[in-house]
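Quick notes on the structure that follows.
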There are 2 protein chains.
Amino acid sequence: MATAVVLVIFTVQRDGLSVLLIERAADPCKGQWALPGGILREGESLGGAAARKLADETGVSDVFLEQLFTFDRLGDGRAEIVVAYFALVDVARTRLRAELEWRPAWHSVRGVSSLAFENERIIEYSNQRLRNKLEYTNVAYSLLPEQFTLTELQRVHEAILGEPLDKRNFRRRVVGLGIVRETGKTVKYGAHRPAMLFEFVSRQPMTV
Amino acid sequence: MATAVVLVIFTVQRDGLSVLLIERAADPCKGQWALPGGILREGESLGGAAARKLADETGVSDVFLEQLFTFDRLGDGRAEIVVAYFALVDVARTRLRAELEWRPAWHSVRGVSSLAFENERIIEYSNQRLRNKLEYTNVAYSLLPEQFTLTELQRVHEAILGEPLDKRNFRRRVVGLGIVRETGKTVKYGAHRPAMLFEFVSRQPMTV
DNA sequence: CCAAAAGTGTTCTGACTACACCCATGC
DNA sequence: GCATGGGTGTAGTCAGAACACTTTTGG
């Protein structure tokens with residue numbers, strides 16, 4: 001019996017929130033989809049194991065990664081204690097592993113079901129925490145480049161919340177709460193008026 | 001190396017929030033105050049271990065008890081993973097253990113310092129979560145009897161938040177949010193006008 | 001008659017919602 | 001000239017904060 005970590009890795013694709021799942025190559029639950037995870041190595045910290053596993057699966061580090069909850073006995077038989085983490089990554093910067101017996105793949109969050117080990121509940125809980133933190137923190141920082149337009153940020157929020165937002169109210173909130181600020185620079189995308197670039201006030205996870 | 005639980009057990013005494021600490025009888029940190037905790041037994045669940053430890057220390061069960069956070073390597077040398085829980089108990093119903101080498105005692109939350117194993121940080125975090133949950137849930141249910149007056153509930157809130165509250169605003173909030181409701185009965189305490197008795201809408205932990 | 005606690009309403013402010021039009025650009 | 005997306009202001013509603021007096025009762 002050992003301790004394990006399990007990861008809920010979210011990304012935003014074509015305006016939809018997706019989560020990374022792997023197809024289990026081994027029993028139990030062989031062939032079913034499940035959240036990626038792994039056993040804690042000797043001398044490794046929890047956060048370290050989560051970050052290592054995240055880098056293994058997606059190739060990224062330095063993104064939003066936070067402890068979610070600790071479960072017992074939903075492991076794969078090898079783990080007694082499972083510490084769940086959730087992360088947000090920019091899909092454009094990830095490189096999924098392409099092993100034959102391990103196929104990781106993005107799955108839309110709406111529509112996951114019949115996963116191994118009650119993993120739906122973990123995803124649902126994680127999604128709720130994400131939605132909550134979106135309202136008052138900078139969690140989205142790891143989904144966007146250094147600078148971005150407000151519209152880009154709004155698309156990300158809409159994808160995560162699953163509902164359209166009002167442009168003016170959105171701007172007031174994220175600027176008013178001090179989540180983002182204007183950079184003074186503008187950018188032009190194709191046939192449009194130049195748009196103001198914004199940046200996150202901090203690219204570190206906010207401590208509430 | 002094993003998994004352990006550690007407990008932040010709060011109570012309210014004379015209008016102050018207190019936490020239960022034990023004086024360590026064994027190295028490391030012998031003689032220092034620390035949060036009570038224990039090693040997970042074979043086949044025991046996390047929540048089960050927390051509830052057992054809580055009953056060991058205070059004699060109570062069926063109170064608010066919730067998982068807080070999971071730490072690594074702040075154990076006492078025997079534990080690698082430490083899952084922290086926090087609880088709220090009615091001091092009037094507790095019976096502390098009175099062992100020579102183990103003296104548990106209530107300590108006012110304002111004024112704890114130099115505890116073993118960074119335990120202050122756990123207490124601080126726990127206190128913050130408690131204050132947050134107080135605003136929109138029924139966490140206080142395990143500090144009060146079945147029925148109580150609004151003033152009694154308000155005293156509890158004030159003790160936990162550490163600041164006085166307005167009577168009228170307080171009533172509007174707890175009634176308006178559906179945390180408590182009138183029972184229709186009244187009670188008289190000494191030389192006072194009879195007071196309406198209230199009860200919690202539910203005495204189970206609210207799931208947000 | 002005095003001390004102690006219970007009960008009750010109104011006003012102000014700040015946050016959030018809903019909502020519609022004009023502007024700059026590239027084609 | 002038109003399609004695309006960027007940018008902006010106002011009115012309404014609701015929750016929370018501040019605030020003072022009257023009532024009942026026991027001693």
Side-chain angles (χ1 to χ4, degrees), chain A residues 12 14-15 131-138 140 144-145 147-199 201 206 208, chain B residues 12 14-15 131-138 140 144-145 147-199 201 206 208:
Chain A
V12 169
R14 278 182 264 110
D15 294 346
R131 276 183 265 126
N132 287 340
K133 298 205 74 148
L134 200 60
E135 312 253 313
Y136 61 95
T137 72
N138 62 353
L144 290 167
Q147 305 197 333
F148 46 86
T149 64
L150 273 192
T151 305
E152 287 166 340
L153 180 61
Q154 187 176 339
R155 297 262 176 283
V156 168
H157 280 235
E158 287 171 339
I160 292 174
L161 298 173
E163 64 186 9
L165 299 173
D166 180 86
K167 224 188 327 185
R168 289 161 288 190
N169 297 338
F170 181 75
R171 167 186 284 258
R172 258 195 300 268
R173 216 191 50 238
V174 293
V175 176
L177 291 177
I179 294 175
V180 300
R181 66 174 160 229
E182 298 193 3
T183 60
K185 296 178 227 165
T186 56
V187 69
K188 256 166 27 79
Y189 290 128
H192 314 310
R193 178 184 193 168
M196 179 61 69
L197 282 173
F198 284 76
E199 63 189 358
V201 170
M206 290 169 67
V208 174
Chain B
V12 169
R14 278 184 261 110
D15 294 347
R131 276 183 265 124
N132 287 341
K133 298 205 74 149
L134 201 60
E135 313 252 313
Y136 60 97
T137 71
N138 62 352
L144 290 166
Q147 304 196 333
F148 47 84
T149 65
L150 272 191
T151 304
E152 288 166 339
L153 180 61
Q154 189 178 335
R155 296 261 176 282
V156 168
H157 280 236
E158 287 172 339
I160 293 174
L161 298 173
E163 63 184 11
L165 298 173
D166 179 86
K167 223 184 336 180
R168 292 161 286 189
N169 296 336
F170 182 75
R171 167 186 286 258
R172 258 196 301 270
R173 213 187 56 234
V174 293
V175 176
L177 290 177
I179 294 175
V180 300
R181 64 173 161 230
E182 297 192 5
T183 60
K185 296 179 228 165
T186 57
V187 69
K188 256 167 27 80
Y189 290 126
H192 314 310
R193 177 187 195 164
M196 179 60 69
L197 282 173
F198 284 76
E199 64 189 358
V201 169
M206 290 170 66
V208 175

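Every chain is numbered from 1 and lettered A, B, ... according to where its sequence line falls, protein lines coming before strand lines.
Between B/V156 and B/F148 the shortest side-chain heavy-atom distance does not fall below 4.5 Å. Taking the side chain as every heavy atom from C-beta outward, A/L197 and A/T186 never approach each other to under 4.5 Å.
Atom pair B/Y189:OH and C/dG7:P shows a separation of 11 Å (rounding to whole Å applied). Following rounding to the nearest Å, A/E152 (CD) and D/dG7 (P) show an atom-to-atom distance of 11 Å. Computed from coordinates, the B/F170 CZ to C/dT8 C1' distance equals 16 Å when rounded to whole Å. Remark: C1' of D/dG7 and CZ of A/F198 are 10 Å apart, rounded to the nearest angstrom.
When each of B/R193 and A/R193 is assigned the nucleotide of DNA chain C with its nearest heavy atom, B/R193 is the one assigned upstream, toward the 5' end.
The shortest heavy-atom contact between B/T137 and B/M206 is CA-SD, 3.5 Å. Across all non-hydrogen atoms, the minimal contact from B/E135 to B/R173 is O-NE, 3.8 Å. Of all heavy-atom pairs between B/K185 and B/M196, the closest is O-SD, 3.2 Å. Here the closest heavy-atom approach between residue B/Q154 and residue B/D166 is recorded as NE2-C, 4.1 Å. Summarising the geometry of A/V187 relative to A/Y189, their closest heavy-atom pair is CG1-CE1, 4.0 Å, with the distance given to 0.1 Å. Closest of all the heavy-atom pairs between B/Y136 and B/I179 is C-CD1, 4.0 Å.
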Summarise protein proximity over nucleotides 10-21 of chain D in one line of letters, 5' to 3': B for base, S for sugar-phosphate only, - for none, counting protein heavy atoms closer than 4.0 Å.
B------BBBB-
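Counting non-hydrogen atoms under 4.0 angstrom, A/G176 reaches nothing in the nucleic acid.
For the atom pair CZ of A/R193 and NZ of A/K188, the computed distance is 12.5 Å after rounding to the nearest 0.5 Å.
Taking every heavy atom of residues 179-188 of chain B and every atom of DNA chain D, pairs under 4.0 Å involve B/K188, by number.
In terms of phosphate contacts, B/T151 brings a side-chain nitrogen or oxygen within less than 4.0 Å of OP1 or OP2 of C/dA6.
Screening A/V201, A/L150, A/N138 against A/V174 for a side chain to side chain contact (heavy atoms under 4.5 Å, CB included) leaves a single residue, A/L150. A/F198 pairs with exactly one of A/E152, A/Q147, A/R171 by the side chain to side chain contact (heavy atoms under 4.5 Å, CB included) rule, that one being A/R171.
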Dot-bracket for DNA chain C, please, read 5' to 3', with Watson-Crick or G-U wobble pairs under 3.5 Å on both distances, ( ) within the strand, [ ] crossing, | other strand, . unpaired.
|||||||||||||||||||||||||||
